[in-house]
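Everything below concerns the one structure shown next.
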Amino acid sequence: MRRIGVIAIQGDVSEHISAIEAAGGQAVPVRRAGVIPTCSGIVIPGGESTTIGRQLEKTGIATEIKEAAANDVPVLATCAGLVLAAKEIDAGDVKPLGLIDISVGRNAFGPQRESFEADIDVAGFDRPYRAVFIRAPVVLRCGEGVQEIARFGGRTVAVRQRNIIGLAFHPELTGDLRFHRMLLEMT
Amino acid sequence: MELENLRFGTELLKRGFAKMQKGGVIMDVTTPEQAMIAEEAGAVAVMALHAVPADIRKMGGVARMADPKVIEEIIDAVTIPVMAKVRIGHFVEAQILEAIGVDMIDESEVLTPADEFHIDKTKFKVPFVCGARNLGEALRRIKEGAAMIRTKGEAGTGDVSQAVRHMKMIMGDIRKLKGMNSEELMKFAREIEADPELVAECARLQRLPVVNFAAGGIATPADAALMMQLGADGVFVGSGIFKSERPEAMAAAIVEAVHHYDEPEVLARVSRGLGRPMRGIDVTTLPEGEALQARGW
């Protein structure tokens, strides 16, 4: 069974673990260094990017993720995960991992009362995807080789660059497993 | 097409927001400067207040929602979510906080209750967190629309014993549900004055259907890790940080302790040399009528 490391520092970790298992993978929570090199895929969940980013650096997991991503290990980065996977972030002093050549705007839709859910079209999906945006970021700039796979309200909310998928929304909250299956198929 | 299926303030969005706080520390702050210290230390969110619970206790009088100006200054000072407290039952204070863009509202026993009944939280787009001492209280709040539960503990004392007691009661009651048949679950629901469907859901999930944090008396990294080992999804720290001798160090150490709650070596390392924690009050010495946890039902 394909072993997927779910970064388990903070945020909706158990929801991603359940989604990976429901999609037919084996999910391993990653709280310290040494686990990522044994995984064939990685999930970076939602939560607070400042909090997760700091602990990724302190624990040494950040370096392992960068190495794995450079060695073509597929990564699914959602919400705060997308922020961390970016090359540049607009605000706050988070050190991103730079896995995808994009700039990200944090909390781009306003306070929590402006958080929303909506059906969006995703490139390659035959029917719309129910996307849950919670204090969500957006992609402000896509570099060369970055494919924009979904937009909402004129803004880029999902991207892919080779082995890295980045989503501004939360595929782990709806039970629609298409993105988790996509990750497993890429392993 | 896009706008027709657009939804705000759904249960999924409210509970989802709470889930993003899991494994994190939410810190009480009274100024933008304190909020920045909390963010720098790795807090997942801050709770904006006019005074920390220990000072609210000392001041006496009626404790109300903080000045919106102060809350707005705190919102502008940080990038992490900002929460703020309203009095139990004071739905207009809640409307005001929603209007200024607070990310979550704490309907809190730390402030002086405005009503014996709690706010109908389903009417709001902004999610609510509420305190509870036991499973019945937690499920009544969830039924009213709370997207997150926290133990009441005994705020402003720095004495963790009540938070421990409340977390154990909630967890213990949920364990009791295991193996009960539907008639027994109905009977239990009636005994604890809770919605039978929510009781059945807890029995099935073996946890609350929403995120469950610890609060009320957490003052050290060891206290925070204790609550995590007892099953909390995360912790609120009120007076424990800014009433300690070295708030920056205490805040960072509590964040580390929550992330490494089951690693005693790490807990030992982060607990070293933090200076004096908040002095605190032994809850058994609290005069009758001064227990905040008795507010609400």
Side-chain angles (χ1 to χ4, degrees), chain A residues 7-16 29 31-32 45-56 58-59 78-80 83 89-94 106-107 109-121 128 130-136 151-154 169-170 172-175, chain B residues 1-26 36 38-45 75 78-83 97-105 124-127 147 207 211 233-234 252 255-256 258-263 266:
Chain A
I7 304 305
I9 286 170
Q10 189 271 317
D12 60 343
V13 175
S14 62
E15 289 73 13
H16 268 295
R31 292 176 62 200
R32 49 188 75 95
E48 269 309 308
S49 53
T50 48
T51 309
I52 300 173
R54 269 199 187 91
Q55 285 295 321
L56 284 179
K58 275 190 192 168
T59 53
T78 65
C79 196
V83 174
I89 306 173
D90 70 331
D93 78 39
V94 191
R106 287 178 66 200
N107 195 19
F109 297 92
Q112 171 60 17
R113 62 159 199 250
E114 306 299 334
S115 291
F116 61 97
E117 37 178 303
D119 291 339
I120 60 169
D121 291 319
R130 189 73 179 162
V132 179
F133 293 85
I134 297 175
R135 280 176 48 97
R151 289 176 75 83
F152 180 81
F169 48 89
H170 290 278
E172 72 286 3
L173 293 180
T174 56
Chain B
M1 159 70 195
E2 270 187 351
L3 294 179
E4 270 171 36
N5 57 53
L6 182 63
R7 297 273 178 280
F8 296 93
T10 62
E11 201 68 50
L12 182 64
L13 289 164
K14 292 176 178 175
R15 291 185 180 189
F17 170 80
K19 285 177 178 173
M20 299 314 144
Q21 313 301 309
K22 285 196 293 181
V25 182
I26 300 168
M36 288 188 276
E39 182 173 44
E40 181 57 34
V44 287
I75 290 173
V78 293
T79 62
I80 55 177
V82 175
M83 308 182 177
L97 291 187
E98 184 174 62
I100 64 174
V102 156
D103 294 299
M104 182 173 241
I105 296 174
F124 290 81
K125 280 189 188 136
V126 62
R207 59 157 295 138
V211 168
D233 291 318
V255 169
E256 287 276 322
V258 167
H259 294 148
H260 301 279
Y261 67 90
D262 56 356
E263 298 170 69
V266 179

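Quick caveat, the model's predicted, so the values are computed rather than measured. Naming: A, B, ... by sequence-line order, numbering from 1 per chain. The figures here come from the full heavy-atom set of this structure, side chains too, leaving out hydrogens, waters and symmetry mates.
In this structure, chain B has a heavy atom under 4.5 Å from the side chain of A:T50, while its backbone stays farther away. Looking at B:A99, only its backbone comes within 4.5 Å of chain A, counting heavy atoms on both sides. Looking at B:I105, neither its backbone nor its side chain comes within 4.5 Å of chain A, counting heavy atoms on both sides. Contacts between B:A45 and chain A at a heavy-atom distance below 4.5 Å are absent for every atom of the residue. Residue contact with chain A, scored on non-hydrogen atoms closer than 4.5 Å, involves the backbone and the side chain of B:E40 alike.
If you tally non-hydrogen atom pairs under 4.5 Å between each of B:K14, B:H259, B:E98 and chain A, the highest count goes to B:H259. Between chain A and the residues B:I80, B:V126, B:V255, B:D103, the largest count of heavy-atom pairs under 4.5 Å involves B:D103. Chosen from A:E48, A:R106, A:E114, the residue pairing most often with chain B at heavy-atom distances under 4.5 Å is A:E48.
By the salt bridge (Lys or Arg N to Asp or Glu O under 4.0 Å) test, A:E117 pairs with A:R130, sequence neighbours left out. Listed by chain and number, the residues in a salt bridge (Lys or Arg N to Asp or Glu O under 4.0 Å) with B:E256 are A:K58 (sequence neighbours excluded).
Contact of the B:D262 side chain with the A:R31 side chain is registered, since non-hydrogen atoms from C-beta on lie closer than 4.5 Å. Proximity of A:R32 to B:E263: side-chain heavy atoms (C-beta onward) are separated by under 4.5 Å at one or more points. Looking at A:L173 and B:L12, their side chains come closer than 4.5 Å, going by heavy atoms from C-beta outward. By the 4.5 Å heavy-atom criterion applied to side chains, B:M20 and A:H170 are counted as neighbours. Put simply, the side chain of A:Q112 does not reach to within 4.5 Å of the side chain of B:P81, judged on heavy atoms.
Side chain of A:Q10 to main chain of B:K22: a donor-acceptor pair is present (N/O by atom type, distance under 3.5 Å, no hydrogens or angles).
To the nearest 0.5 Å, atoms CD1 (B:I100) and CZ (A:R113) are separated by 9.5 Å.
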